[in-house]
Amino acid sequence: MSASRIVYLNGEFLPFEQAKVPIMDRGFLFADGIYEVSAILDGRLVDNAAHLARLDRSLGEIGIRNPHDSAEWERLQTELVQRNGVTEGLVYMQVTRGVAERDFAYPSADTPPTVMMFTQAKTVAANPLAEKGARVITVEDLRWKRRDIKSVALLAQVLAKQQAVEAGVSEAWMVEDGAITEGSSSTAFIVSRDRKLVTRPLSTALLPGITRASVLKLAAEADLTIEERLIPVAEALDAAEAFYTSASAFVMPVVEIDGRAIGEGKPGPLTKRLRELYLDLARAG
Ligand code: PMP
């Protein structure tokens, strides 16, 4: 953490060390808040309008007033990115229901939300893992029933990711009723043996991935037809190719699931093509 790191908190751009949130913040006490993450590539925000639309929707679903319209959010994000001189990485945004005496019920409607943003400098395009391909494990999906809301209540994902780390792999794919829901922080895709691009349909069972939506739009250019349906674990293990998507991983090839090699055990050609197409799209702004 560089001493010159600037973050955004409740209307102010502050040095990291000075940005403090009271212990009664409902984000801290109840995970009562929403977050969003956009990538920064070549100094520009990637797929940002869609991330801001999802932020607005998530806030609406739990009855927190969105403190800014999209134009204002983007102005604040851009200023933060510039102040930190980040050309590649992430901008993280979080809005909680604010600070109030601890009580499960909502505080009074005039309680201001806590609004926070920070940036992380990180290599997202020339990621060595994308060359090598990621290994994943499957784990039980322990989450609640509104996974379409991008809530900061991420304990199940924290536990899933830690299981992945302890298994020496990059991501955990969560499983419910024998089918993959999504990764701990990514959307799961396979290319089936009959060359279909398969991913789970949107529902309350998973987050509507912004990168997912962009990749589905690019499928035709990679000569792939789309099938939005459940992916049984057994089918994933036997897939021609597999990958996961997120704002920070973009399109990440998967070369092994639960110790089983996928395809030839290296990033698949259609996955590589989709990653290139996505990077082109991201760079085009
Ligand atoms: N699913 C989950 C559970 C996630 O945390 C993420 C990352 N935010 C994704 C999917 C991917 O979504 P996106 O492409 O919008 O980053």
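Not measured: the values here are computed from a predicted model.
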Does the side chain of Gln120 come within less than 4.5 Å of Val91's, by heavy atoms?
no
Report yes if some heavy atom in the side chain of Val215 is under 4.5 Å from a heavy atom in the side chain of Val251; otherwise report no.
yes
Can you name the residues that form a side chain to side chain contact (heavy atoms under 4.5 Å, CB included) with Lys196, not counting sequence neighbours?
Ser192, Asp194, Val198, Thr225, Glu227
Write out all pairs satisfying ring pair (Phe, Tyr, Trp, His ring centres under 6.0 Å) with one or both partners inside residues 175-226, taking only residues at least two apart or from two chains.
Phe189-Phe243
If you measure from CZ on Phe28 to CZ on Arg102, what distance do you get to the nearest 0.5 Å?
11.5 Å
Between Asp42 and Arg44, is a salt bridge (Lys or Arg N to Asp or Glu O under 4.0 Å) present by the stated rule, with each step listed?
CA-CA 6 Å; Asp42 301 338; Arg44 280 205 309 261; 5.3 Å; no
For residues 33-57, which residue pairs qualify under ring pair (Phe, Tyr, Trp, His ring centres under 6.0 Å), counting only residues two or more places apart or in two chains?
Tyr35-Tyr92
Check this for me, if you would: do Glu256 and Arg260 make a salt bridge, where the nitrogen-to-carboxylate-oxygen distance has to be below 4.0 angstrom?
no
Among all residues two or more places apart in sequence or in another chain, which pass the side chain to side chain contact (heavy atoms under 4.5 Å, CB included) test with Ala153?
Ala31, Ser151
So do Ser170 and Leu129 actually touch side chain to side chain, heavy atoms under 4.5 Å?
yes
Side chain to side chain contact (heavy atoms under 4.5 Å, CB included) test vs Lys150 passes for just one of Arg57, Glu36, Glu61, namely Glu36
Nearest 0.5 Å, please: how far is CG in Leu9 from NZ in Lys20?
11.0 Å
Give a yes or no on whether Leu218 and Leu279 share a hydrophobic cluster (residues Ile, Leu, Val, Met, Phe, Trp, Tyr; joining criterion: side-chain heavy atoms under 4.5 Å apart).
yes
Carefully, step by step, assess Ile257 and Ile262 under the rule side-chain contact (heavy atoms from CB on, under 4.5 Å).
CA-CA 7 Å; Ile257 304 173; Ile262 301 304; 3.7 Å; yes
Could you walk me through whether Thr187 and Leu207 pass side-chain contact (heavy atoms from CB on, under 4.5 Å), step by step?
CA-CA 8 Å; Thr187 306; Leu207 187 76; over 6 Å; no
Using a cut-off of 6.0 Å, state whether more than 12 heavy atoms not belonging to Glu264 lie near its atom CD.
no
Looking only at atom types and distance, does a side-chain atom of Arg26 sit under 3.5 Å from a main-chain N or O of Asp103, one as donor and one as acceptor?
yes
Donor-acceptor check, side chain of Arg212 to backbone of Tyr244, threshold 3.5 angstrom: yes or no?
no
Judged by atom type as modelled, is there a donor-acceptor pair below 3.5 Å linking the side chain of Asp141 to the main-chain atoms of Glu176?
no
Less than 4.5 Å apart, side chain to side chain, heavy atoms only: is that true for Phe16 and Gln18?
no
Return the minimal non-hydrogen interatomic distance between Val81 and Gly43, and the atom names on each side.
CG1-O, 4.4 Å
Locate the shortest heavy-atom distance separating Ile231 from Ala188; write the atom from each residue and the value.
CD1-O, 4.2 Å
Hits for side chain to side chain contact (heavy atoms under 4.5 Å, CB included) against Ala261, two or more places apart or cross-chain, chain-then-number order -> none
Mind checking whether Phe118 and Arg5 have side chains closer than 4.5 Å, heavy atoms only?
yes
So, does Thr271 use its side chain to make a donor-acceptor pair with the main chain of Pro267 at under 3.5 Å?
no
Do Ile210 and Val37 share a hydrophobic cluster, counting only Ile, Leu, Val, Met, Phe, Trp and Tyr and linking them when any side-chain heavy atoms are less than 4.5 Å apart?
no
Is it the case that Thr96 and Asp32 place a side-chain donor and acceptor less than 3.5 Å from each other?
no
Please determine if Glu276 and Lys272 form a salt bridge, counting it only when a charged side-chain N lies under 4.0 Å from a carboxylate O.
no
Residue pair Pro67 / Val95, side-chain heavy-atom distance below 4.5 Å:
yes
With sequence neighbours left out, which residue pairs that include part of residues 254-285 fulfil the ring pair (Phe, Tyr, Trp, His ring centres under 6.0 Å) condition?
Phe250-Tyr278
Pair Val158-Gln163, side-chain contact (heavy atoms from CB on, under 4.5 Å): steps then yes or no
CA-CA 9 Å; Val158 167; Gln163 269 186 267; over 6 Å; no
Distance (rounded to the nearest 0.5 Å) between Met174 CE and Leu159 CG
11.0 Å
Begin from the C-alpha positions of Leu224 and Leu274 and carry the test side-chain contact (heavy atoms from CB on, under 4.5 Å) through to its verdict.
CA-CA 10 Å; Leu224 282 163; Leu274 285 171; 3.9 Å; yes
Closest heavy-atom pair and its distance - Gln157, Ser184
CG-O, 3.0 Å
Donor-acceptor contact below 3.5 Å, side chain Ser214 vs main chain Thr211:
no
Quick check against the 3.5 Å criterion: does Arg147 have a side-chain atom that pairs as donor or acceptor with the backbone of Leu206?
no
Testing the basics here: between Asn84 and Ser4, what is the closest heavy-atom pair and its distance to 0.1 Å?
OD1-O, 4.3 Å
Exercise: identify the closest heavy-atom pair between Leu230 and Ala179:
CB-CB, 4.0 Å
If we count only N and O atoms by modelled type, under 3.5 Å, do the side chains of Glu228 and Thr199 hold a donor and an acceptor together?
no
Evaluate the side-chain proximity of Ile62 to Ile149: yes if any heavy-atom separation is below 4.5 Å, no if none is.
yes
Can Val254 be reached from Leu277 by stepping across I, L, V, M, F, W or Y side chains whose heavy atoms are under 4.5 Å apart?
no
According to a 4.5 Å side-chain heavy-atom criterion applied to Ile, Leu, Val, Met, Phe, Trp and Tyr, with indirect links allowed, do Met93 and Ile34 form part of one hydrophobic cluster?
yes
Side-chain donor/acceptor of Gln77 to backbone N/O of Leu45, under 3.5 Å
no
What do you reckon, are the aromatic ring centroids of Phe30 and Phe104 less than 6.0 Å apart?
yes
How many angstroms lie between atom CD of Gln94 and atom CG of Asp25, to the nearest 0.5 angstrom?
8.0 Å
Can a side-chain donor-acceptor contact be found between Lys161 and Ser185 if the only test is distance below 3.5 angstrom?
yes
With rounding to the nearest 0.5 angstrom, report the OG1 to CG distance, Thr119 to Leu80.
5.0 Å
Just by distance, with hydrogens left out, do Trp73 and Asp56 show a side-chain donor and acceptor under 3.5 Å apart?
no
CD-CZ distance between Glu140 and Arg143, expressed to the nearest 0.5 angstrom
12.0 Å
Student check: side-chain heavy atoms of Ile40 and Leu90 closer than 4.5 Å:
no
Would you say Glu88's side chain and Val124's backbone share a donor-acceptor pair under 3.5 angstrom?
yes
Look only at the side chain of Arg200 and the backbone of Glu182, and say whether a donor-acceptor pair between them is shorter than 3.5 Å.
no
Check: Glu241 side chain, Leu270 main-chain N or O, donor-acceptor pair, under 3.5 Å
yes
